[in-house]
Amino acid sequence: MLQLNYKKQGHGEPVILIHGLFGNLDNLGLLARPLSEQFEVISIDVRNHGLSPRAPAMDYPAMAGDVLALLDTLGLDNVMLVGHSMGGKIAMQLAKMAPARVRRLVVLDMAPVAYPPLRHHDVFAGLQAVEAARCQGRGAADRVMAESVSDPSVRQFLLKSYVSVDEQWQFRFAVATLIANYDAIMGWPDPKTVYSGPTLFLKGSESDYIRADDQARIIAQFPAARAKVVAPTGHWLHAEKPALVARLVVDFLSTSG
């Protein structure tokens, strides 16, 4: 288990925020701020991202184990989890591994299923091109990445993690390790165990990460799950409709029982 980097804000019952692939603990900031008005919000960098340690493995039991280790370090016996994308899978895995320690679970635009490979082929090509060119600054990196990644909003998101460290520009996530573990990241190792606690799935209306035929798989693994569609949004629904998503999450986490 790794000792993850984290940030605390607010007071109250603890809520753990878990970001997605290529992200860091700031990515759910638009959600952390309103949550912190009622809860103690703990935003984390998952392994191989942000300021957390690097490790060769990126499977979900290992990443969920990192979060469990953090709960032990912080002396938290029972928490609520909110995860987006890959972070949603980490949260789901943790809820299954240690259900007694998870009071409520929120999953943002992710299903407990394996996804087809090559979904991020262009992104990885762009990241590798930036590293190979040793781009000095985000402007230069954006021009190089644009040859592989046409969507400027995707490039902007990725380049938030392109920073200067000791006068050397680098990504705040381990590109080579993410590529090596891509099958595990897109996969889902645990389709049979169940988490019976209260669970909310929020889907972006224009996103294909939660499909109609995923409903049976979701209910089989999370029998108390309810779902809401946030329109009009894509995969980054919390950034596109921050006030609405925050209200839905706060209302769900505040429910007694």
Side-chain angles (χ1 to χ4, degrees), residues 2 4-6 16-32 43-67 81-94 106-131 141 145 148-149 151 153-163 170-190 201-204 207-210 214 233-240:
L2 304 181
L4 301 178
N5 181 54
Y6 65 92
I16 311 297
L17 297 188
I18 312 176
H19 65 79
L21 184 63
F22 308 119
N24 60 52
L25 57 75
D26 292 327
N27 289 153
L28 296 178
L30 291 174
L31 186 54
S43 304
I44 67 172
D45 286 331
V46 307
R47 62 168 58 192
N48 295 313
H49 290 72
L51 298 179
S52 282
R54 284 16 183 175
M58 287 283 291
D59 59 89
Y60 287 105
M63 291 190 285
D66 293 340
V67 183
L81 301 176
V82 180
H84 171 245
S85 195
M86 181 185 75
K89 281 191 169 181
I90 296 171
M92 288 187 281
Q93 179 70 42
L94 175 53
V106 179
V107 181
L108 303 180
D109 208 56
M110 181 57 57
V113 300
Y115 289 88
L118 302 180
R119 183 178 280 259
H120 297 92
H121 175 76
D122 292 345
V123 168
F124 282 126
L127 297 174
Q128 289 178 305
V130 170
E131 289 192 329
M145 192 180 294
S148 301
V149 182
D151 189 335
S153 65
V154 174
R155 297 199 306 273
Q156 182 182 28
F157 166 71
L158 295 168
L159 290 172
K160 286 180 180 179
S161 292
Y162 196 59
V163 297
Q170 59 189 255
F171 286 106
R172 273 268 164 85
F173 44 76
V175 176
T177 304
L178 299 185
I179 292 172
N181 286 273
Y182 189 66
D183 287 347
I185 293 169
M186 298 302 289
W188 182 237
D190 195 16
F201 285 83
L202 294 182
K203 169 183 164 50
S207 171
D208 64 352
Y209 275 85
I210 299 180
D214 292 331
T233 63
H235 188 51
W236 288 281
L237 65 167
H238 55 286
E240 296 172 50

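The residues of the chain are indexed from 1 along the displayed sequence.
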Is any side-chain heavy atom of [X] closer than 4.5 Å to a side-chain heavy atom of [Y]?
X      : Y      : answer
Asn24  : Ser161 : yes
Val163 : Phe171 : no
Asp190 : Met92  : no
Phe124 : Asp122 : no
Asp45  : His19  : yes
Asp66  : Val46  : no
Gln93  : Pro189 : yes
Val67  : Leu4   : yes

Could you state the interatomic distance from [atom1] ([X]) to [atom2] ([Y]), rounded to the nearest 0.5 Å?
X      : Y      : atom1 : atom2 : result
Asn27  : Trp236 : CG    : CH2   : 10.0 Å
Asp59  : Arg47  : CG    : CZ    : 7.0 Å
Asp214 : Lys203 : CG    : NZ    : 9.0 Å
Met110 : His235 : CE    : NE2   : 5.0 Å
Thr233 : His238 : OG1   : NE2   : 10.5 Å
Ile185 : Arg119 : CD1   : CZ    : 13.5 Å

Least distance between heavy atoms, [X] atom then [Y] atom:
X      : Y      : value
Ala32  : Ser43  : CB-OG, 4.2 Å
Ala57  : Asn48  : O-ND2, 3.9 Å
Phe173 : Leu158 : CE2-O, 4.2 Å
Trp188 : Ala114 : CB-N, 3.8 Å

Within the side chain of [X], is there an N or O that forms a donor-acceptor pair under 3.5 Å with the backbone of [Y]?
X      : Y     : value
Asn181 : Met58 : yes
Asp109 : Ser85 : no
Thr177 : Pro56 : no
Lys89  : Gly83 : no

side-chain contact (heavy atoms from CB on, under 4.5 Å), that's the test. Do Val130 and Val175 meet it? Break it down for me.
CA-CA 11 Å; Val130 170; Val175 176; over 6 Å; no
Aromatic ring centroids of Tyr115 and Tyr182 under 6.0 Å?
no
